[in-house]
Amino acid sequence: MHIYVNGRNIEITDAIKAYVKEKFGKVANHYDQIQGIEVVLSVIKNPSASGKHVAEVNCKMSTGAPIRCEEAAESMYESIDLLADKLDRQVKKFKDKSLGSDKSSIRTEAQEEETEE
């Protein structure tokens with residue numbers, strides 16, 4: 001699994017790259033079907049804009065559609081933290097859906113128990 005870090009209107013330093021790999025490496029440990037994570041960090045140069053530091057992620061899964069998230073904040077590290085938390089929640093949700101898809105529901109199980117009695 002690879003973590004790619006790109007930048008728009010910002011120079012990606014080694015410290016930012018290491019921070020991104022640390023945060024998103026933890027997300028990758030939750031689910032083994034992740035093929036790659038592409039992180040795009042950008043800065044909005046408009047002085048009247050709020051949340052000038054934007055972080056986007058595309059998480060490619062081996063099964064199903066990719067997961068895409070975006071967060072904006074006042075500092076780049078804050079936007080990376082928010083994005084890592086958001087991606088972590090979405091990956092866990094995706095994993096629960098894919099592992100728990102046995103196509104049964106509570107209604108059908110309850111009806112089967114009533115007919116057996």
Side-chain angles (χ1 to χ4, degrees):
M1 201 258 335
H2 297 285
I3 299 174
Y4 304 101
V5 183
N6 295 323
R8 283 189 219 140
N9 297 333
I10 187 174
E11 183 180 333
I12 303 299
T13 62
D14 291 335
I16 291 176
K17 190 179 285 191
Y19 190 73
V20 167
K21 289 188 178 192
E22 175 190 342
K23 285 292 187 176
F24 290 102
K26 292 177 184 176
V27 173
N29 289 335
H30 291 296
Y31 193 48
D32 60 349
Q33 298 297 321
I34 297 175
Q35 290 181 337
I37 296 176
E38 181 181 339
V39 181
V40 179
L41 305 173
S42 60
V43 177
I44 299 172
K45 300 237 176 175
N46 186 354
S48 65
S50 63
K52 295 181 181 183
H53 299 275
V54 180
E56 305 170 15
V57 67
N58 287 322
C59 181
K60 296 177 184 131
M61 311 293 250
S62 62
T63 58
I67 297 174
R68 184 182 184 288
C69 307
E70 180 177 337
E71 282 294 329
E74 290 299 318
S75 74
M76 188 57 72
Y77 290 103
E78 184 181 357
S79 63
I80 292 168
D81 287 340
L82 293 171
L83 187 65
D85 293 339
K86 190 174 196 179
L87 182 66
D88 189 33
R89 287 191 305 270
Q90 288 191 3
V91 166
K92 284 181 183 178
K93 184 177 177 181
F94 182 84
K95 180 180 176 182
D96 290 342
K97 280 185 177 181
S98 65
L99 294 179
S101 62
D102 58 353
K103 305 295 182 202
S104 64
S105 70
I106 296 172
R107 287 189 185 143
T108 56
E109 291 172 3
Q111 289 175 353
E112 290 174 2
E113 289 176 5
E114 290 176 4
T115 55
E116 290 175 2
E117 293 176 355

If you look at every heavy atom in Lys23 and Ala84, which pair is closest and at what distance?
CB-CB, 4.0 Å
Regarding Ser62 and Gln35, do their side chains bring together a donor and an acceptor under 3.5 Å, going by distance alone?
no
Heavy atoms only: give me the nearest Ser79-Ala73 pair and the separation to one decimal.
N-CB, 3.8 Å
From Leu83 CG over to Glu56 CD, what is the distance, rounded to the nearest 0.5 angstrom?
9.0 Å
Heavy atoms from other residues, nucleotides or ligands near CG of Asn29 exceed 12 (cutoff 6.0 Å):
yes
Any non-hydrogen side-chain atom of Ile16 less than 4.5 Å from a side-chain atom of Tyr77?
yes
Close side-chain approach of Ile34 to Met61, heavy-atom, < 4.5 Å:
yes
When clusters are formed by joining ILVMFWY residues with side-chain heavy atoms under 4.5 Å apart, either directly or through shared neighbours, do Tyr4 and Leu41 land in the same one?
no
Non-hydrogen atoms of Asn46 and Lys52 that approach each other most closely
O-CE, 3.5 Å
Do other residues, nucleotides or ligands put more than 12 heavy atoms under 6.0 Å from the CZ atom of Arg8?
no
Rounding to 0.5 Å, atoms CZ (Phe94) and OH (Tyr31) come to a distance of 5.0 Å
Working to the nearest 0.5 Å, report the span between CG of Leu87 and CD of Glu71.
11.0 Å
Working to the nearest 0.5 angstrom, can you tell me the gap between Met76 CE and Ile12 CD1?
6.5 Å
Just wondering, do Asp81 and Tyr19 contact through their side chains at under 4.5 Å, heavy atoms?
yes
Do you reckon Val57 sits in the same ILVMFWY cluster as Val43, going by side-chain contacts under 4.5 Å, direct or chained?
yes
Should Ile80 and Val39 count as side-chain neighbours, where that means a heavy-atom distance under 4.5 Å?
no
Show the nearest heavy-atom pair for residues Phe24 and Ile37, with the distance to one decimal.
O-CD1, 4.0 Å
Find the distance between NZ (Lys97) and NZ (Lys93) and round it off to the nearest 0.5 Å.
4.5 Å
State yes or no: do Leu82 and Ile44 share one hydrophobic cluster built from I, L, V, M, F, W and Y residues joined by side-chain heavy-atom distances below 4.5 Å, directly or via other members?
no
Linking I/L/V/M/F/W/Y whenever their side-chain heavy atoms sit closer than 4.5 Å, directly or via other members, would Val27 and Ile3 fall into one cluster?
yes
Interatomic spacing from NZ in Lys17 to CG in Asn6 - rounded to 0.5 Å:
8.5 Å
